[in-house]
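Sequence lines set the chain letters: A, B, ... in the order given, protein chains first and strands last, and positions in each chain run from 1.
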Protein chains: 2
Amino acid sequence: MALEHAILVSLLEKPGSGYELARRFERSIGYFWTATHQQIYRVLKRMENDGWIDVRDVPQQGRPDKKEYSVADLGRAALSSWLQDPIEPESVRHDLAVKIRGAAFDDPTSLIREVERHRQAHRDRLAHYLAGEARDFTPEASTAGPDGPLDAERELQHVVLRGGIAYERMMIGWLDDVLATLARFGPAR
Amino acid sequence: MALEHAILVSLLEKPGSGYELARRFERSIGYFWTATHQQIYRVLKRMENDGWIDVRDVPQQGRPDKKEYSVADLGRAALSSWLQDPIEPESVRHDLAVKIRGAAFDDPTSLIREVERHRQAHRDRLAHYLAGEARDFTPEASTAGPDGPLDAERELQHVVLRGGIAYERMMIGWLDDVLATLARFGPAR
DNA sequence: CCTGACATGTAAGGAGTTACATGATTAA
DNA sequence: TTAATCATGTAACTCCTTACATGTCAGG
């Protein structure tokens with residue numbers, strides 16, 4: 001389980017509320033770890049009980065009040081310990097690949113549309129990542145800002161983003177290959 | 001849920017027992033969908049109850065008897081219906097990316113070893129995939145054999161394998177990038 | 001007044017993981 | 001006799017998903 005650890009990393013980068021965390025999991029952290037607000041609130045509660053994080057009630061004007069969480073010493077230690085633990089290369093689950101092999105036993109025309117849809121989704125994500133890279137990681141967008149992270153933190157965020165970019169490019173190329181294969185073998189049957 | 005559907009595809013490609021399915025999930029199907037024998041037996045029982053698959057007791061010599069499963073009409077229909085259903089591009093979970101961003105808040109030396117270990121695992125998998133491709137998908141290894149799948153089935157298996165190969169190559173390249181980044185920014189702190 | 005963004009939760013059910021459990025046969 | 005492979009399962013627990021639920025405040 002790494003949701004707790006993903007939350008710890010995010011809170012170390014910047015303290016925030018459950019709601020804010022949920023939004024980060026739709027954006028930057030979501031590039032490599034997804035979580036819904038339901039999961040996040042539940043885990044935050046557990047982490048608070050375990051003394052991993054501290055809460056601070058923040059009254060707000062013009063908005064509902066929020067609880068701002070930050071990492072406690074115990075949480076930092078838990079993260080550190082997890083970082084030392086070796087993990088196994090992750091197991092994959094690609095519904096689309098199941099469908100592609102299943103297409104041999106069914107009419108593939110609907111699969112072609114599905115693959116095109118996925119290719120477009122990956123193109124959109126790639127464009128989104130590239131825009132984020134241009135915005136946050138060009139030499140001009142330096143760490144000089146008031147909230148800008150330190151060099152190492154920033155570089156590590158960048159290399160993870162580059163991984164997302166490489167992944168989307170690979171997927172687009174592969175889905176092109178899939179479509180070419182379906183075009184050659186699908187209708188000919 | 002696609003485990004049921006992955007099992008249906010596998011049984012359509014070739015009927016077999018729960019044990020044989022578990023082994024396939026360590027090999028070809030496991031490239032894009034993992035499952036343990038515990039899951040498989042549980043799901044097989046449910047699929048049998050639902051009339052998706054048929055069972056046949058196969059007495060064996062020199063081995064324990066086995067139950068050979070094959071896809072029934074209801075199962076074929078269920079697969080067909082699932083193939084028509086659009087699915088969302090899958091959500092990712094990359095522990096390693098969490099660790100990389102977490103390395104900004106901890107000593108990165110153990111992470112370097114971890115990344116090197118993962119890179120080796122991906123190199124091994126790539127070699128394994130390439131060997132499988134050479135064995136099963138060169139022009140010489142044609143469909144002429146007694147158990148060889150038909151052209152479309154074979155081509156679709158091949159394009160999924162090419163996806164696995166592209167994925168491993170991408171990962172190896174990215175992990176090289178990660179190691180270079182850690183070398184530049186890790187020890188300098 | 002109504003919509004949308006902000007903010008925080010509960011409940012039920014499905015899926016996956018880990019540990020436990022049994023038993024046959026073959027080869028070293 | 002011991003290990004390895006074949007073969008099939010149960011139980012407990014954790015995790016994730018989906019649906020439901022409530023409420024504030026700003027702007028049109």
In terms of relative ring orientation, are B:H5 and B:W82 parallel, tilted or perpendicular, with 30° and 60° separating the classes? parallel
Whole Å only: how far is the CG atom of A:D65 from the C1' atom of C:dG9? 16 Å
Taking A:R154 for the side chain and A:D136 for the main chain, is one N or O donor matched with an acceptor at less than 3.5 Å? yes
Atom pair distance, as rounded to whole Å: CD in B:Q38 and C1' in D:dC13: 14 Å
Does C:dG9 have OP1 or OP2 under 4.0 Å away from a side-chain N or O of A:Y41? no
Quick test: give all pairs of protein nitrogen or oxygen and nucleotides 23-28 of chain D nitrogen or oxygen below 3.5 Å, distance rounded to 0.1 Å.
residue	atom	partner	partner atom	Å
D:dC25	O3'	A:G62	O	3.2

Output the single nucleotide from D:dG9, C:dG9, C:dA7 whose closest atom is nearest the side chain of B:Y69. D:dG9
Whole-Å gap separating P (C:dC6) and CD (A:E26): 10 Å
Looking at A:R24 and A:E13, is there a salt bridge between them, counting it only when a charged N and a carboxylate O are closer than 4.0 Å? no
How long is the line joining CD of A:E48 and P of C:dT8, in whole Å? 12 Å
N-O pairing of A:R46 and A:E4 below 4.0 Å: yes
Please check this pair: side chain of A:R162 against backbone of B:V178, looking for a donor-acceptor N/O pair closer than 3.5 Å. no
Can you identify which nucleotide, out of D:dC16, C:dA7, C:dG16, has its nearest atom closest to the A:K66 side chain? C:dA7
Quick test: give all pairs of protein nitrogen or oxygen and nucleotides 3-5 of chain D nitrogen or oxygen below 3.5 Å, distance rounded to 0.1 Å.
none

To the nearest angstrom, how far is B:K45 atom NZ from C:dG14 atom C1'? 19 Å
Using the ring pair (Phe, Tyr, Trp, His ring centres under 6.0 Å) criterion, which residues pair with A:H158? Sequence neighbours excluded. A:F137
Would you tell me if any nitrogen or oxygen in the side chain of B:R46 comes within less than 4.0 Å of OP1 or OP2 on C:dG14? no
Could you check how far CD of B:E20 sits from C1' of D:dG9, rounded to whole Å? 17 Å
List the steps and the verdict of side-chain contact (heavy atoms from CB on, under 4.5 Å) for A:E20 and A:R23. CA-CA 5 Å; A:E20 283 162 353; A:R23 293 196 56 208; 5.7 Å; no
Please give, in whole Å, the distance from C:dC6 P to A:D57 CG? 20 Å
Listed pairs under 3.5 Å, donor-acceptor, residues 120-127 of chain B side chains, sequence neighbours left out:
residue	atom	partner	partner atom	Å
B:Q120	NE2	B:D124	OD1	3.0
B:H122	ND1	B:E168	OE1	2.5
B:R125	NH1	B:E168	OE2	3.4

Rounded to the Å, how far apart are A:R93 CZ and D:dC15 C1'? 12 Å
Out of C:dG16, C:dT18, D:dT17, whichever nucleotide has its closest atom nearest the side chain of A:Q39: D:dT17
Report the C-alpha distance between B:K67 and B:D57 in whole Å, list the side-chain angles of each, state the deciding distance to 0.1 Å, and finish with yes or no for side-chain contact (heavy atoms from CB on, under 4.5 Å). CA-CA 5 Å; B:K67 299 181 185 173; B:D57 276 314; 3.7 Å; yes
More than 12 heavy atoms from other groups under 6.0 Å of CG on B:D73: no
Is there a side-chain contact between A:L11 and A:S70, using heavy atoms and a 4.5 Å cut-off? no
For A:F32, give me all partners under ring pair (Phe, Tyr, Trp, His ring centres under 6.0 Å), at least two apart in sequence or on another chain. none
Give me the bend of the helix from C:dC1-D:dG28 to C:dA28-D:dT1, using the axes of the five pairs at each end, rounded to 10°. 20°
Do the side-chain N or O atoms of A:S17 get closer than 4.0 angstrom to the phosphate oxygens (OP1, OP2) of C:dT8? yes
Result for 5'-nearest mapping on DNA chain D, choosing between B:H37 and B:R42, is B:H37
